[in-house]
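To start, the structure itself, in structure tokens.
So that the names make sense, note that chain A is the first sequence line, chain B the second, and so on, each numbered from 1.
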2 protein chains.
Amino acid sequence: METPRELFQIMTRRLGLLNKDCCSVGGCNLSAAQSHLLYEIYRSHNPSMQQVAETLGTDITTFSRQVQSLVKMNLVKKTPDPTDRRVYTLSLTPEGKMVATTIDQQMNEYLNEAFSHMSEFEVETLLRSIKLFNEAMGKSSNCCAPVKG
Amino acid sequence: METPRELFQIMTRRLGLLNKDCCSVGGCNLSAAQSHLLYEIYRSHNPSMQQVAETLGTDITTFSRQVQSLVKMNLVKKTPDPTDRRVYTLSLTPEGKMVATTIDQQMNEYLNEAFSHMSEFEVETLLRSIKLFNEAMGKSSNCCAPVKG
DNA sequence: TGAAATAACTTGCAATTTGCAAATATAAAT
DNA sequence: ATTTATATTTGCAAATTGCAAGTTATTTCA
């Protein structure tokens, strides 16, 4: 019987590969890191640089440059916060939204393809389990910084 | 209700952070990539460079150098294959085994800590589900190269 | 008020990591 | 034998990383 770690390691590896493969959209060829960045901006409401960097566990200086390159690609917009001018607020450009949703679709398509090898009940159980697990990891403050979500 | 992708994205991110945090053992400070490498050598029986690189989806030239650095750290041993002298077989040194199992323990400890916020039944269900999911991804050849395991 | 401390973000720089193209060395095929 | 294919390594140039230090804006509190 596999240990939990083995199960997660294999799954993580595969999902990592998927992440690599799935984030080329049209002309844009994003890295997995950039894809995560886009995703996080997409799902949160006008977050600051600081916030996103911390959520993703990325060094803030590295993050600053990652954002710069996405701005240059016209996927991300940086808006100065009117109430605190040290802060920049991040959002997606229309093009960025399109790329983000396309990546999302590609990922879901692949996942559904994998799910087609499972019964409907098994899929539902899996998704419910992962949801619970994410919540559990959120409560756990042991090893790595808790990431809200 | 979250899409499958959202659930997996959050989980993947968190497990990625865990991977980063959990692979420092004693003096050795490994990257997540090196930890994956160690794990894969550990679980397979005297694999060749080529095999491991492909399993991990790593470019072979990058992989060659990653192995070199692990050899230098005295965690991995490269043995020329007697039946085909182009091939090098990879294995863990005693020290490498120790590091690999220590990482494994650390990961399992953290996972168990997270599991403590779930019922026993929920944990069992989660693990069974992931096992099924891994098998399903193995059958799916759609997007990213299938990874045996 | 107005210096000193703190916070958000950026840049300099040096080290590491990456992948393509080309090289080496061995094996298989014809 | 010569060509072709396979496994691994090296050269090199580009991209990515993180620390230290810098800039600009805000807070603190004497």
### Residues forming a side-chain hydrogen bond (donor to acceptor under 3.5 Å, both in side chains) with A:D81, sequence neighbours excluded
A:T83
### Any pair counted as ring pair (Phe, Tyr, Trp, His ring centres under 6.0 Å), so long as it reaches residues 7-38 of chain A, sequence neighbours left out
A:F8-A:F133
### Task
In whole angstrom, give the distance that lies between atom CG of B:D81 and atom P of D:dT6.
17 Å
### Query
Where is the tightest heavy-atom contact between B:A114 and A:A136, given as atom of each residue plus distance?
O-CB, 3.3 Å
### Message
Please enumerate all residues that pass side-chain hydrogen bond (donor to acceptor under 3.5 Å, both in side chains) together with A:N74, with sequence neighbours excluded.
### Response
A:E95
#### Entry: Residue whose closest nucleotide on DNA chain C lies nearer the 5' end, A:V87 versus B:Q34
A:V87
### Message
Test of understanding: with side-chain hydrogen bond (donor to acceptor under 3.5 Å, both in side chains), list the residues that count as partners of A:T93, not counting sequence neighbours.
### Response
none
### Task
Under the side chain to side chain contact (heavy atoms under 4.5 Å, CB included) rule, collect the residues that match up with A:S119, sequence neighbours excluded.
A:F121, A:E122
### Message
Check this one for me: any side-chain N or O of A:Q50 less than 4.0 Å away from OP1 or OP2 of C:dC9?
### Response
yes
## Note on the structure
Reading nucleotides 9-14 of chain D from 5' to 3' and marking B where a protein heavy atom lies under 4.0 Å of the base, S where only the sugar-phosphate is that close, and - otherwise, the string is BBBB--
### Task
Kindly say if A:Q66 contacts the phosphate of D:dT17, meaning a side-chain N or O under 4.0 Å from OP1 or OP2.
yes
### Message
Output the rounded distance in Å from NZ (A:K20) to C1' (C:dT17).
### Response
12 Å
### Message
If the helix axis at each end comes from five base pairs, how far does the helix from C:dT1-D:dA30 to C:dT30-D:dA1 deviate from straight, to 10°?
### Response
10°
### Query
Which letter, B, S or -, goes with each nucleotide of nucleotides 23-30 of chain C from 5' to 3', with contact meaning a protein heavy atom under 4.0 Å?
---BS---
### Summary
When rounded to the nearest 0.5 Å, the distance separating CG of A:L15 from OG1 of B:T12 is 4.5 Å
### Message
Tell me every residue that passes side chain to side chain contact (heavy atoms under 4.5 Å, CB included) with B:E124, counting only those two or more places apart in sequence or in another chain.
### Response
B:E120, B:R128
### Task
Just jot down the side-chain hydrogen bond (donor to acceptor under 3.5 Å, both in side chains) partners of A:S24, sequence neighbours excluded, or say none.
A:N29
### Message
Holding to side chain to side chain contact (heavy atoms under 4.5 Å, CB included), I want the full list of residues that pass it with A:S48, two or more places apart in sequence or in another chain.
### Response
A:Q50, A:Q51, A:V87
### Query
How many Å lie between CG on B:D59 and C1' on C:dA22, as a whole number?
14 Å
#### Entry: Whole-Å distance separating the CG atom of B:L70 from the C1' atom of D:dT8
17 Å
### Message
Using a 4.0 Å heavy-atom cut-off, does A:S48 contact any base of the nucleic acid, only the sugar-phosphate backbone, or nothing at all?
### Response
sugar-phosphate
### Summary
For B:Q66, the side chain to side chain contact (heavy atoms under 4.5 Å, CB included) test, sequence neighbours excluded, returns B:A33, B:L37, B:T58, B:T62, B:F63
